[in-house]
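One structure is given here, and the rest of the page talks about it.
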2 protein chains.
Amino acid sequence: MAIKERKEREKADMRNLIIDSATQLFLKQGYDKTSIRNIAEDIEYSPATIYLYFKDKDEIFYVIHENAFAILDKQFRKHDVIENPYERLIAVCKTYVRFAMENPDYYDLMFIMRAPLSQIKSEEKWNAGNCAFEYLLQTIDACLERKLIRPADKYVLSIAVWSFGHGVVSLHVRERLCVMGMPDDVMLSMMESSLNFFLASLKA
Amino acid sequence: MAIKERKEREKADMRNLIIDSATQLFLKQGYDKTSIRNIAEDIEYSPATIYLYFKDKDEIFYVIHENAFAILDKQFRKHDVIENPYERLIAVCKTYVRFAMENPDYYDLMFIMRAPLSQIKSEEKWNAGNCAFEYLLQTIDACLERKLIRPADKYVLSIAVWSFGHGVVSLHVRERLCVMGMPDDVMLSMMESSLNFFLASLKA
DNA sequence: TAAATATAATAAACACTGTTTAGTAAAAGC
DNA sequence: GCTTTTACTAAACAGTGTTTATTATATTTA
């Protein structure tokens, strides 16, 4: 019976419609101003309809969060061609920071906001995050094997690298790096210098 | 006229009453569940009364945020007695991380949440943050003078150290460090190892 | 001291929010 | 054609931050 398949297609289409609208509103107006009623009005359905396709608001933002991870992952995979693992590590870090600077709202949702957490917990593990972390872990492991970076536990190193990257970027995203009256461009170059300093200090 | 003074005292008392109640509710139930109506009920006044003492909810949380910085600052100043600047730097970093782990809600408000930002912007500068950053900056400057750490611009180094510390603890506070099925205690020791690795890599 | 004024507090409303429930049309199955 | 299932929604619920109009109290002035 093809009707069942068509219905499934329509269900998926509706989910996409909601996600597309929510994503657009989220990137344009931010999380707080992206209400269920706003999304409903945008797609010309009643608010209650949205709850036929998503459990709650958190689930919508969990999907957006997953989509954002897919974008970042795509950018990571581009570095597969870099043969030298240390150079690849540097490229991955720069990509991570650039992604955050170019997509602060996505970054916030992926690594700072609490919204997707309920879903992550109910799914028992953070698939998207795991996948990205795995890429870092493998790169660092390759660096260690070729003795390109100072020896240490690969997990400890991965956490260190991720923490540093997340630290710079999240202080910026949540506007805490405006200490002292530095102009924006000076601050940005300081952030870059800090990252370069850190990455250089990893070298064997 | 002593009446004016008494009135000022009463006004200050009322502000304290509100802040104390808000702080208690915030630390017990979190930001979202600390509503103006909850605070009002707790202090046995109407919600509208709170607006006679504070411009808005953000202002209340700005004051709580300032109080939290005073606590952190007190813990920092204890390290004044450590003569060696590098040892002091390490102590400051460990204190920073311990503070975040022991007071995750305060940490969130100080370095992650957007709530106090409107006030910070209207006051033209982030006094509390500046003060804490200044302490780090001075410690690092002292390290540089005595050539205890690798030479680099003091601002770049300060941003690096702060970023690293903030990175580890904020990934933890916002529950992103649960990648891979590590048990909590293992994760905590990994975080500590990462911090130690980073601090060691600063050494001249 | 009595009337006028200033202050402090509030009830009620406004405009939102996420979410649920009960009821209604339209489509699908028999 | 009739019954059942599906898709949708209006309206309500319980909450949010904030404002306005009103009242009761305290202070000042005549």
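Everything quoted here is computed from the prediction, not taken from an experiment. Numbers restart at 1 for each chain; the letters A, B, ... are given by sequence-line order, proteins then strands.
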Go through the steps for A:Arg174 and A:Asp108 under the test salt bridge (Lys or Arg N to Asp or Glu O under 4.0 Å), then give the verdict.
CA-CA 9 Å; A:Arg174 290 298 175 104; A:Asp108 209 312; 2.5 Å; yes
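- The distance between atom CG of B:Leu25 and atom P of D:dT16, rounded to the nearest whole Å, is 12 Å.
- Atom-to-atom, CG of B:Asp58 to C1' of D:dT16 comes out at 14 Å; the value is rounded to the nearest Å.
- Distance, B:Asp32 CG to C:dT19 P: 13 Å, rounded to whole Å.
- Residue B:Tyr45 has no polar side-chain atom (N or O) positioned under 4.0 Å from OP1 or OP2 of C:dA8.
- If you measure from atom CD of B:Glu41 to atom P of C:dA11, you get 13 Å, rounded to the nearest angstrom.
- The minimum heavy-atom distance linking A:Leu109 with A:Met113 is given by the pair CD1-SD, 3.7 Å.
- Shown here is A:Glu124, whose CD atom has no more than 12 heavy atoms of other residues, nucleotides or ligands within 6.0 Å.
- Contact annotation: B:Thr49 side-chain N/O to C:dT10 OP1/OP2 distance is under 4.0 Å.
- In this structure, A:Phe111 has its ring center at least 6.0 angstrom away from the ring center of A:Tyr106.
- Atoms NZ (A:Lys55) and C1' (C:dG18) sit 12 Å apart, rounded to a whole Å.
- Taking side-chain N and O atoms only, A:Ser46 has no distance below 4.0 Å to OP1 or OP2 of D:dA10.
- Residue A:Tyr51 places none of its side-chain N or O atoms closer than 4.0 Å to OP1 or OP2 of D:dC8.
- With hydrogens and angles ignored, no donor-acceptor pair closer than 3.5 Å exists between the side chain of B:Arg37 and the base of D:dG15.
- Centroid-to-centroid, the aromatic rings of B:Tyr45 and B:Tyr53 stay 6.0 Å apart or farther.
- In this structure, A:Phe54 reaches neither bases nor backbone, as no heavy-atom distance under 4.0 Å exists between it and the strands shown.
- Distance, B:Ile50 CD1 to D:dT18 C1': 12 Å, rounded to whole Å.
- Atom pair B:Ile18:CD1 and D:dT18:P shows a separation of 13 Å (rounding to whole Å applied).
- Summarising the geometry, the separation between CG on A:Leu52 and C1' on C:dT19 is reported as 12 Å, rounded to the nearest angstrom.
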